[in-house]
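Comments concern the structure below.
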Amino acid sequence: MSMEAYQAANKSAQRAYRAAMNRGEYPYLSALDDFLPYERIAGEKYIGVVEIPLHLVAGTKTAGRQNSFANNFMPLLTDETEFAYKWSGLYDSQLNEGIRDPIVAYEYMHRFYVMEGNKRVSVLKSLNAVKISAKVTRIIPKKTDDLENRIYYEFMDFYDDARIYDIWFSKEGSYAKLSAAYGYEPGQMWSEESRTALRSEFLNFRKAYKAKGGDKIQITSGDAFLAYIEIFPAWQLQSGSEDEIKSNLTKMWEEFVTLGKGDSMKIVLEPHQKEKPTSGRSILNRILSETPKQLKIAFIFEKSVVNSAWNYAHEMGRMHLENVFGDRIVTSIYEHAEFTNNSEDIIEAAIEDGNQIIFTVPAQLASASVKAAVKHPEIKILNCSTNSKSQSIRTYNCRMYESKFLLGVIAGSLSETNEIGYMADYPIYSTIANINAFALGAQMVNPRVKVHLRWGCMKEQAETQWPQDVHIIFDKDWINPKYPTRKYGLYRQLADGEVENIATSICHWGKVYELIIRSIMEKTWKDEVEKNKNRALNYWWGISSGVLEIVCSQKLPYGTKVLVDLLTELIRRREFSPFQITWTKQDGSVTNQAGHRLEPEEIFRMNYLASNVEGGIPALSEIKDEVKEFVRLQGGL
């Protein structure tokens with residue numbers, strides 16, 4: 001029987017050999033020493049004896065017997081050779097008692113290359129085994145700016161904590177997200193129970209995913225697994241039925257396809273307007289065909305609308321909708337959707353109540369929103385955030401960096417000490433851009449100005465007093481109606497402790513919601529779907545869309561008001577961008593050249609500060625525990 005198995009393996013090798021030759025590829029096993037030059041190696045580290053995934057065994061360490069195997073590790077030599085008899089003997093041993101002696105392998109960039117034990121690997125691969133025991137030495141590559149290299153260094157940190165080789169990602173930050181999903185911080189050692197659970201759940205997922213055709217999608221099984229467990233609980237992969245897993249995969253399949261697209265995320269900078277009809281008959285047709293039935297719209301808030309400045313601003317937006325559309329819509333409020341499982345229940349309740357459109361106001365509810373949208377594709381769900389890669393929901397937000405730039409111009413022109421204060425909330429995507437835009441606006445009118453940065457989310461708050469020379473301060477944009485204060489927007493701290501308000505940003509959420517509802521009523525929503533198949537749509541509107549402006553005090557000097565109005569008009573006409581200038585980072589490197597516009601994704605993904613900012617971006621360990629998960633979800637640290 002063992003010789004028959006060898007003959008079958010040999011036939012598989014011959015097929016793989018011919019297929020590789022036809023494609024112009026190398027038909028034998030690759031040898032690590034042949035393609036890894038010494039100058040790319042930073043060092044070696046002995047890992048120990050570990051169980052390694054067989055699908056990650058990619059070749060041999062040296063060129064010794066690589067020609068005895070096809071590139072699928074199946075044997076090429078005929079069944080009359082001594083090699084064939086040894087292979088068959090190992091096959092019998094595996095069936096009778098199992099191959100116990102570990103192979104010797106080198107790991108490089110998450111792939112294994114065999115030094116001793118090629119035939120053992122070949123036998124186990126022929127039997128579709130999953131793991132093999134190995135004495136592993138890791139070859140550490142030198143650090144580069146290459147994406148795969150950066151991900152590999154993240155993997156090495158993850159391995160130190162979890163001791164798991166199975167999972168590989170194609171996107172930075174994924175190992176930290178995976179650890180968080182299992183309740184671990186980076187640098188925290190995993191329990192054996194957690195390791196076993198992850199291995200089992202991932203292998204069950206990978207089997208079902210590949211059986212459904214996952215290999216045809218341009219993402220790794222790890223990418224797909226991470227996306228899956230953000231929607232469906234990981235523990236169901238062990239306790240759930242095979243049919244249930246298949247059903248969940250079917251519901252999520254378009255999400256996987258979207259992740260696999262190189263341009264999967266579309267940032268929409270302007271509302272998509274319906275072309276105006278040119279004749280009376282066209283107007284009549286439009287009215288008859290596009291007047292919808294009464295729309296039921298739900299707004300879901302994390303807290304009460306009167307206990308949060310952020311929620312109150314969006315509540316005003318909901319009221320604007322009712323004033324504009326009258327009895328064509330019915331809106332309702334769902335409060336206290338805390339960042340726990342009850343948020344999913346509240347979204348489900350809104351759907352059961354018959355709402356066709358749901359706005360989840362907290363960015364923390366992005367994952368819950370995707371989960372609900374996957375289950376209910378007929379419901380339109382939007383989340384107020386910026387960085388979704390899901391085609392099941394849409395996100396919406398304002399380009400606040402535009403107004404922050406203008407406020408920076410005002411602050412720089414009014415500062416008599418060249419020292420300005422800036423209070424930020426969370427170190428997430430777009431927030432860093434807001435800080436930099438403010439600093440660049442101040443620097444444009446005052447090259448000597450410094451912006452002192454503070455964060456409101458820190459475990460240990462800095463001194464409550466600003467430096468002595470800081471009199472012009474920027475604080476939060478919105479006022480909490482329950483706890484009103486004059487310390488909002490841009491203000492001047494007076495000597496007697498009083499506050500003089502100067503200017504503030506206003507995002508007209510009502511206008512944002514109005515434009516979105518009109519797009520649904522006028523069917524441009526559907527047009528965007530057809531034009532952006534398998535792409536995540538993120539609305540990021542600004543001054544040019546009429547949803548963002550700044551309101552200034554009447555005491556603002558006339559010259560400053562003229563300058564701000566001029567810059568506002570240039571931004572409105574898209575003739576100028578706050579980052580369309582030469583500026584440097586804190587490390588002194590130039591981040592942009594005058595005249596060049598940064599791409600939208602470059603702006604909201606900024607993770608560095610301008611050179612005139614005094615302060616830094618906090619580490620995750622410095623942030624309050626209750627907001628860490630929010631920062632992770634929104635692409636921060």
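Counted within 6.0 Å of NZ on Lys207, heavy atoms from surrounding residues, nucleotides or ligands total 12 or fewer; the atom is thus considered open. Within 6.0 Å of NZ in Lys135 there are 12 or fewer heavy atoms belonging to other residues, nucleotides or ligands. Other residues, nucleotides and ligands contribute more than 12 heavy atoms inside 6.0 Å of the CD atom of Glu192. For Tyr113, the OH atom sits in a packed shell: over 12 heavy atoms of surrounding residues, nucleotides or ligands are nearer than 6.0 Å. For CD of Glu193, the number of neighbouring non-hydrogen atoms (other residues, nucleotides, ligands) closer than 6.0 Å is 12 at most. Annotation for Glu82: atom CD does not count as buried by contact number, only 12 or fewer foreign heavy atoms lying within 6.0 Å. No more than 12 heavy atoms of other residues, nucleotides or ligands sit less than 6.0 Å from atom CD of Glu242. Residue Tyr85 places its OH atom among 12 or fewer non-hydrogen atoms of other residues, nucleotides or ligands, all under 6.0 Å distant.
Under the 3.5 Å distance criterion, with hydrogens and angles disregarded, no donor-acceptor pair is assigned to the side chains of Ser392 and Glu254. Using modelled atom types and a 3.5 Å distance limit, the side chains of Thr144 and Asp146 yield no donor-acceptor pair. Residues Tyr608 and Thr591 have side chains that bring a donor and an acceptor to within less than 3.5 angstrom of each other. Between the side chains of Ser191 and Ser194, at least one donor N or O lies within less than 3.5 Å of an accepting N or O. Side chain to side chain, Ser241 and Asp243 fail the donor-acceptor criterion of an N or O pair below 3.5 Å. Donor-acceptor pairing under 3.5 Å is lacking for the side chains of Ser367 and Glu230. Checked by atom type, the side-chain pair Ser174/Asp223 shows no donor-acceptor distance below 3.5 Å. Side-chain contact check for Ser388 and Asn538: no donor-acceptor pair (N or O, by modelled atom type) lies under 3.5 Å. At a cut-off of 3.5 Å, with distance as the only test, no side-chain donor of Glu172 or Tyr153 sits close to an acceptor on the other residue.
Atom CD of Glu601 sits about 3.5 Å away from atom CE of Met265, to the nearest 0.5 Å. Atom NE2 of His376 is separated from atom CD1 of Ile347 by 9.5 Å, given to the nearest 0.5 angstrom. To the nearest 0.5 Å, atom CD1 of residue Ile617 and atom CG of residue Asn607 are 6.0 Å apart. A distance of 11.0 Å separates OG in Ser369 from CD in Gln364, rounded to the nearest 0.5 Å. Atom CG of Asn436 and atom CE of Met606 lie 5.5 Å apart (nearest 0.5 Å). Met21 contributes atom CE, which lies 11.5 Å from atom CZ of Arg18 (distance to the nearest 0.5 angstrom).
Under a 4.0 Å N-O distance rule, the pair Arg150/Glu154 does not qualify as a salt bridge. Salt-bridge formation is not detected for the pair Arg138/Glu44: no Lys NZ or Arg NE/NH1/NH2 atom is positioned less than 4.0 Å from an Asp or Glu carboxylate oxygen. Using a 4.0 Å cut-off between charged nitrogen and carboxylate oxygen, Glu107 and Arg111 do not count as a salt-bridge pair. A salt bridge is defined here as a Lys NZ or Arg NE, NH1 or NH2 lying under 4.0 Å from an Asp or Glu carboxylate O, and Asp166 with Lys131 meets this definition. By the 4.0 Å N-to-carboxylate-O rule, Lys45 lies close enough to Asp160 to be salt-bridged with it.
Nearest heavy atom pair, residue Phe256 against residue Ile219, reads O-CD1, 3.9 Å. The two residues Ile229 and Ala234 make their nearest non-hydrogen contact at CG2-CB, 3.7 Å. Between Ser88 and Met3, the shortest heavy-atom contact is OG-CE, 3.6 Å. Taking all atoms of both residues into account, the shortest heavy-atom contact from Val613 to Ala439 is CG2-CB, 3.7 Å. Shown here for Thr386 and Ser430, the closest heavy-atom pair between the two residues is OG1-OG, 4.4 Å. For Ala13 against Ala70, the heavy-atom pair with the smallest separation is O-CB, 3.4 Å.
Using cut-offs of 30° and 60° for the angle between ring planes, the Trp190 and Phe158 rings count as perpendicular. Phe155 and Trp168 have perpendicular rings, their planes meeting at more than 60° on a 0 to 90° scale where under 30° would count as parallel. Tyr401 and Phe579 have tilted rings, their planes meeting at an angle from 30° to 60° on a 0 to 90° scale. Using a 30° and 60° split on the angle between ring planes, Tyr209 and Trp253 fall in the tilted class, from 30° to 60°.
No side-chain heavy atom of Phe202 sits less than 4.5 Å from a side-chain heavy atom of Leu237. Looking only at side-chain heavy atoms (C-beta outward), Pro141 and Arg40 stay at 4.5 Å or farther from each other. Proximity of Asn10 to Asp79: side-chain heavy atoms (C-beta onward) are nowhere separated by under 4.5 Å. By the 4.5 Å heavy-atom criterion applied to side chains, Gln391 and Lys533 are not counted as neighbours. Leu537 places none of its side-chain heavy atoms less than 4.5 Å from the side chain of Ile267. Looking at heavy atoms from C-beta onward, Tyr175 lies out of side-chain contact with Asp161 at the 4.5 angstrom threshold. Counting only heavy atoms from C-beta outward, the side chains of His110 and Phe169 never approach each other to under 4.5 Å. Under the 4.5 Å side-chain criterion, counting only non-hydrogen atoms from C-beta, Cys457 is in contact with Pro427.
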* **side-chain contact (heavy atoms from CB on, under 4.5 Å) assessment of Asn71 paired with Ser30** => CA-CA 7 Å; Asn71 57 13; Ser30 60; over 6 Å; no
* Asked: Checking side-chain hydrogen bond (donor to acceptor under 3.5 Å, both in side chains) for the pair Glu201/Tyr182: CA distance, chi angles, key distance, verdict?
  -> CA-CA 12 Å; Glu201 288 157 4; Tyr182 280 80; 2.3 Å; yes
* Asked: Stepwise, does the side-chain contact (heavy atoms from CB on, under 4.5 Å) test hold for Phe225 with Thr220?
  -> CA-CA 9 Å; Phe225 175 74; Thr220 70; over 6 Å; no
* Full working for side-chain contact (heavy atoms from CB on, under 4.5 Å) between Thr431 and Phe604 -> CA-CA 8 Å; Thr431 295; Phe604 75 70; over 6 Å; no
* Asked: Stepwise, does the side-chain contact (heavy atoms from CB on, under 4.5 Å) test hold for Trp583 with Ser611?
  -> CA-CA 8 Å; Trp583 58 290; Ser611 58; over 6 Å; no
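Without hydrogens or angle criteria, Gln586 side chain to Asn612 main chain gives no donor-acceptor distance under 3.5 Å. At least one donor-acceptor pair under 3.5 Å links the side chain of Thr250 to the backbone N or O of Lys246.
Aromatic pair Tyr165/Tyr159: centroids less than 6.0 angstrom apart. Aromatic pair Tyr228/Phe205: ring centres closer than 6.0 Å.
Checked options Phe83, Tyr28, Trp87, Tyr17; the residue passing with Phe69 is Phe83 (criterion: ring pair (Phe, Tyr, Trp, His ring centres under 6.0 Å)). Applying side chain to side chain donor-acceptor pair (under 3.5 Å) to Asn72 and the options Ser12, Ser122, Ser126 leaves one that passes, Ser12.
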